[in-house]
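Encoded as structure tokens, the structure appears first; notes follow it.
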Amino acid sequence: MASPRTPGPVKSPGPAGTPGAPKSRPGPPEAPGSAGAASVRRADTNRADTNRSAEAGWGEPKRRRPLRGKSPDEIGWVKAHGGAGATSLCELLGGVDVGARWPEPAKGEPRRIVIVGRTSARGIRAVSQALGALHEGKAPQGLDLAAVVLVADTPNRLPLSLLRRIRVIRSVAHVHRVPWIPAWRVGGRPRSLPRKINKLAQLVGAEVRHEGTAS
């Protein structure tokens with residue numbers, strides 16, 4: 001009867017990559033303080049700085065390329081807040097869409113301006129702030145305010161509280177109100193324009209264009 005075999009010596013595990021070596025395990029997930037998380041924080045910080053720059057208040061200097069019109073007397077449409085309707089009016093009546101800032105006549109930008117805002121509480125407040133900055137001398141010299149244009153934010157009648165605030169604005173500036181135009185809400189082309197648009201065109205010395213508008 002054959003005797004049982006005695007087990008041989010146990011081999012010790014070799015270095016990684018050699019036969020019989022244990023497989024390497026993935027390391028722990030990256031810690032919050034790692035380089036990847038730091039790059040995310042830097043990206044968030046850059047976005048925050050960009051947002052703060054875009055939300056700078058009236059009168060604060062901004063580096064922008066000059067907007068040159070056809071003539072120094074061409075009207076400049078200044079929006080008091082986002083969605084005011086300045087772009088729609090500019091495309092309809094001509095002039096220069098300045099944006100939410102003051103134009104600089106010394107750089108060839110329009111000196112005659114119209115401040116545009118909605119008839120909502122936010123819009124009227126933004127218009128009041130822009131007028132305050134203008135009267136406090138925070139705007140470039142040489143600007144000529146032609147009018148304040150308030151674009152209706154609803155087809156309904158305004159409450160008495162907003163009408164009172166509009167009266168206050170009328171005491172310091174000429175106010176021209178534009179009624180509700182449904183096509184502007186969806187970026188469409190109005191089939192017909194209210195008479196007040198023609199009056200506004202006469203006020204700013206422009207002719208009504210009929211290519212359509214965009215809000």
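Residues: numbered from 1 along the sequence shown.
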Practice task
List the atom of Asp97, the atom of Cys90, and the distance in Å for their closest heavy-atom pair.
Solution key: N-SG, 3.4 Å
Practice task
May I ask you to test the Val151-Leu89 pair for a side-chain heavy-atom distance under 4.5 Å?
Solution key: yes
Practice task
Flag the pair Val148 / Val172 as yes when at least one side-chain heavy-atom distance between them is below 4.5 Å, and no otherwise.
Solution key: no
Exercise for the section: Walk me through it: do Arg101 and Glu109 pass the test salt bridge (charged side-chain N to carboxylate O under 4.0 Å, His left out)? Expected result: CA-CA 12 Å; Arg101 68 177 183 95; Glu109 297 180 348; 2.9 Å; yes
Fill in the blank from the handout: Between Val116 and Gly85 the two heavy atoms that sit nearest each other are CG1-C, 4.2 Å
Problem - Pro110 vs Pro105 side-chain heavy atoms within contact, under 4.5 Å - result: no
Practice task
Tell me whether Leu163 is reachable from Ile169 by hopping between hydrophobic residues (I, L, V, M, F, W, Y) whose side-chain heavy atoms are closer than 4.5 Å.
Solution key: yes
Problem - Gly95 versus Trp77, closest heavy-atom pair with distance - result: CA-NE1, 4.1 Å
Practice task
Answer yes or no: is there a side-chain heavy-atom contact under 4.5 Å between Ile75 and Ile113?
Solution key: no
Practice task
Calculate, to the nearest 0.5 Å, the distance between atoms CZ and OG belonging to Arg125 and Ser120 respectively.
Solution key: 8.0 Å
Practice task
Report yes if the side chains of Val149 and Val178 come closer than 4.5 Å at any heavy-atom pair, otherwise no.
Solution key: yes
Practice task
Would you mind reporting whether His81 and Arg122 have side-chain heavy atoms less than 4.5 Å apart?
Solution key: yes
Fill in the blank from the handout: OG (Ser171) and CD1 (Ile166) are apart, to the nearest 0.5 Å, by 12.5 Å
Exercise for the section: Drop me the distance from Glu74's CD to Arg111's CZ, to the nearest 0.5 angstrom. Expected result: 12.5 Å
Practice task
Can you see which heavy atom on Leu203 is nearest to which on Arg112, and at what distance?
Solution key: O-NH2, 3.7 Å
Practice task
Would you name the heavy atoms of Leu150 and Arg118 that are closest together and state the gap between them?
Solution key: CD2-O, 4.2 Å
Exercise for the section: For Thr119 and Asp153, indicate whether the former's side chain and the latter's backbone hold a donor-acceptor pair under 3.5 Å. Expected result: yes
Fill in the blank from the handout: Note: Ala146 and His174 closest approach over all heavy atoms is O-CB, 4.2 Å
Handout entry: Gap between atom CG of Leu92 and atom OG1 of Thr87 - 0.5 Å precision
Key = 12.0 Å
Practice task
For residues Lys79 and Val98, determine if any side-chain heavy atom of one lies less than 4.5 Å from a side-chain heavy atom of the other.
Solution key: no
Problem - Side-chain heavy-atom pair Leu145, Leu131 within 4.5 angstrom cut-off - result: yes
Practice task
Ignoring hydrogens and angles, tell me if any N or O in the side chain of His176 forms a donor-acceptor pair with the backbone of Lys196 under 3.5 Å.
Solution key: yes
